[in-house]
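If you're wondering where the values come from, they're calculated on a predicted model, not measured in any experiment.
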Protein chains: 2
Amino acid sequence: MFARIIAATPHPNWLSDLGMTSRPEPLVSVSEFTHKKGTEIYGEEEPAEYVYQVKTGAVRSYKLLSDGRRQIGAFHLAGDIFGLENSGAHRFTAEAIVDTTVRLIRRQSLELVAASSAVVSKNLLSVTTRDLQHAEDHMLLLGRKTALERVAAFLLEMDKRLTAAGVMTLPMSRLDIADYLGIRLETVARALSQLRGAGVLDFIGNNQREIVLRDRVRLASFDLA
Amino acid sequence: MFARIIAATPHPNWLSDLGMTSRPEPLVSVSEFTHKKGTEIYGEEEPAEYVYQVKTGAVRSYKLLSDGRRQIGAFHLAGDIFGLENSGAHRFTAEAIVDTTVRLIRRQSLELVAASSAVVSKNLLSVTTRDLQHAEDHMLLLGRKTALERVAAFLLEMDKRLTAAGVMTLPMSRLDIADYLGIRLETVARALSQLRGAGVLDFIGNNQREIVLRDRVRLASFDLA
DNA sequence: CGGGGGCTTGAGGCCACTCAACGATAGTGG
DNA sequence: CCACTATCGTTGAGTGGCCTCAAGCCCCCG
């Protein structure tokens, strides 16, 4: 599965994200791997051998119903850690949305370090808590918000995470957004058109995935606290 | 707030749930408190001073939108631990659904023990992971399932958790169920009627909260894997 | 016995879904 | 370089599942 290991040099960022800042950790080796657009990184129910961090690119984590309905639980962007499982198996399928390079580390070696380092185990809890918090907020969105509110919330979330130079470049398709927000892709398109018509945002150039937010305050008023 | 501390004797179950089985733990003291039906245990955004476990009764955890829409994230039944926050503040409001007795422990003292005990900190992670898993499954339900599927899934979940002698006694109202499933209470009632008409379940006596499942297999076929 | 809360059921309306057509863009191969 | 094709996004028209509003029942409780 991990046929080509692009690089096997330990990466400081990875370690610092888990709280192992100063000392060199001989037990932990970090590798890198690049997944092509649209390919699976791991599948739901698969044994969780690795923990991942996005170096470049974007990843979607989702669950499927037996008839094909899909719910995306999270998008993972540069810097995000994903695939961290306490039980032994992955609970989502993870796919590269675009060509994506990930850092990876054996779950086993991470647990080994965590067992002896209070700092590391505390950071594992911290990462899990962040995921939990996001899931809890998303339950509120999925259970109680209107389509327009969902799209507005999505734009604000992405704005915080990937806006550079005033422009937000979405890596994911309308279908991905729809399956994240629990609505249909046509509904996403209609909501975006409505927000564009209201002067809240604009598309840049000929690519519909480049968005500039003209009025974040008014956009926020379409969502609710 | 905790005016009457009913009992201050450490309870073995609480400790064992967090992995402190054998040794006496002088740092941790467990108290009990009883909340009357409908009263708040803690509010969203409040500093998290205690961690709780349901001894008897039932609790709902929910978030509100500013216009009053409510999303219940979880029901906590006998034995369940809730209110465990890694950050310092509660992310839900918790209310007693019926008269409820909880065991409680200071968050601070728990963290103190966790810092020195790998077993305890591992169990904190384990509890958090269980919550995360539930939230992830619930996102799929809220984002992608039909009303009938949601109610079927709810009945199967509750069946696992509180069926005694073939009868399931729901502590929560139709409105609570609706706000848990992201639908309206009328829709819950209609789905239950439909399932009753299909012979999958029956109400017992004159109380509509006592339900007996006549055909779990067929009920499961209304939900989806 | 009157009042209120919880539940069910009916009738009508609306928001999001379904189905469909169309335009634009990127990638492919002749 | 230019069809050719596939993919993605937008928009329109009509449908339907769930929501809204309302009435009525049952049971508990004062």
Side-chain angles (χ1 to χ4, degrees), chain A residues 36-38 60 65 67-71 95 97-99 141-152 154-155 169-198 201-211 222, chain B residues 36-38 58 60 65 67-71 97-99 141-152 154-155 169-198 201-211 222:
Chain A
K36 286 224 178 307
K37 171 179 175 175
R60 59 181 167 244
L65 294 178
D67 64 357
R69 279 174 284 174
R70 183 178 70 155
Q71 179 61 45
E95 284 176 359
I97 297 176
V98 295
D99 291 356
L141 179 148
L142 293 172
R144 286 299 173 223
K145 291 189 179 177
T146 67
L148 188 59
E149 287 166 350
R150 293 176 200 214
V151 171
F154 170 77
L155 289 170
T169 304
L170 300 175
M172 72 289 285
S173 68
R174 298 294 190 260
L175 178 56
D176 287 334
I177 298 172
D179 284 352
Y180 178 63
L181 299 178
I183 52 182
R184 300 282 123 192
L185 67 142
E186 296 95 330
T187 306
V188 173
R190 279 183 242 272
L192 287 173
S193 296
Q194 185 178 341
L195 291 172
R196 184 162 50 92
L201 59 86
D202 259 322
F203 296 147
I204 300 296
N206 37 24
N207 182 339
Q208 290 109 327
R209 296 192 190 178
E210 303 209 334
I211 295 178
F222 284 97
Chain B
K36 286 224 179 306
K37 170 179 174 173
R60 58 180 169 246
L65 293 179
D67 64 356
R69 280 174 282 174
R70 182 178 69 155
Q71 179 63 42
I97 297 177
V98 296
D99 290 358
L141 180 148
L142 293 171
R144 285 301 175 222
K145 291 189 179 179
T146 67
L148 187 58
E149 289 166 348
R150 293 177 200 214
V151 172
F154 170 77
L155 289 171
T169 303
L170 299 176
M172 71 289 286
S173 68
R174 299 293 190 260
L175 178 57
D176 287 334
I177 299 172
D179 284 351
Y180 178 61
L181 299 178
I183 54 182
R184 299 284 122 192
L185 67 146
E186 298 94 330
T187 306
V188 173
R190 279 183 242 272
L192 288 173
S193 295
Q194 185 178 341
L195 291 171
R196 183 161 52 92
L201 60 85
D202 258 322
F203 296 148
I204 300 296
N206 36 24
N207 183 337
Q208 290 109 327
R209 297 193 190 178
E210 303 209 334
I211 294 178
F222 284 96

Output the single nucleotide from [options] whose closest atom is nearest the side chain of [X].
| X | options | result |
| --- | --- | --- |
| A147(B) | dC19(D), dC18(D), dT11(D) | dC18(D) |
| R174(A) | dC19(C), dC7(C), dG9(D) | dG9(D) |
| R190(B) | dC17(C), dT11(D), dT20(D) | dT20(D) |
| N206(A) | dT20(D), dC17(C), dT25(C) | dT25(C) |

Take atom [atom1] of [X] and atom [atom2] of [N], then tell me their distance rounded to the nearest Å.
| X | N | atom1 | atom2 | answer |
| --- | --- | --- | --- | --- |
| L175(B) | dT20(D) | CG | P | 12 Å |
| L181(A) | dC17(C) | CG | P | 11 Å |
| E210(B) | dG6(C) | CD | C1' | 15 Å |
| D176(A) | dG9(D) | CG | P | 9 Å |
| R70(A) | dC17(C) | CZ | P | 15 Å |
| F203(A) | dG9(D) | CZ | C1' | 9 Å |
| E186(B) | dG17(D) | CD | P | 18 Å |
| R184(B) | dG10(C) | CZ | C1' | 18 Å |

Counting only side-chain N and O atoms of R209(B), is one of them less than 4.0 Å from OP1 or OP2 of dG6(C)?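 The answer is no; no side-chain N or O of R209(B) sits under 4.0 Å from OP1 or OP2.
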Between CD1 on residue I177(B) and CG on residue L170(B), distance to nearest 0.5 Å: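 Reported value, rounded in 0.5 Å steps: 5.0 Å.
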Taking atom NZ of K145(B) and atom CD1 of I183(B), what is their separation to the nearest 0.5 Å?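 The distance works out to 12.5 Å.
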Does the side chain of L201(A) reach to within under 4.5 Å of the side chain of L155(A), using non-hydrogen atoms?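 In short, these two side chains touch, coming nearer than 4.5 Å.
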Quick one: on DNA chain C, does A189(B) or T146(A) contact a more 5' nucleotide (nearest heavy atom)?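 Taking each residue's closest nucleotide, the earlier one in sequence belongs to A189(B).
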5'-most contact on DNA chain C: K37(B) or R196(B), nearest heavy atom basis?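 The 5'-side residue here is K37(B).
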I want to confirm an ordering. Mapping L185(A) and T187(B) to their closest nucleotides on DNA chain D, which one lands closer to the 5' end?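 Closest to the 5' end, via its nearest nucleotide, is L185(A).
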Between R144(A) and M172(A), which has a closest nucleotide on DNA chain D that is more 5'?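 Result of the comparison: M172(A).
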Mind checking I183(B) for me? I need base, sugar-phosphate or nothing, with any heavy atom below 4.0 Å counting as a touch.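 Touches sugar-phosphate only.
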Full working for side-chain contact (heavy atoms from CB on, under 4.5 Å) between Q71(A) and D179(A): CA-CA 5 Å; Q71(A) 179 61 45; D179(A) 284 352; over 6 Å; no
Chi angles and distances behind the salt bridge (Lys or Arg N to Asp or Glu O under 4.0 Å) call for D176(A), R60(A): CA-CA 8 Å; D176(A) 287 334; R60(A) 59 181 167 244; 2.9 Å; yes
Donor-acceptor pair under 3.5 Å, Q208(B) side chain vs dC25(D) base: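 Side chain to base: no pair below 3.5 Å.
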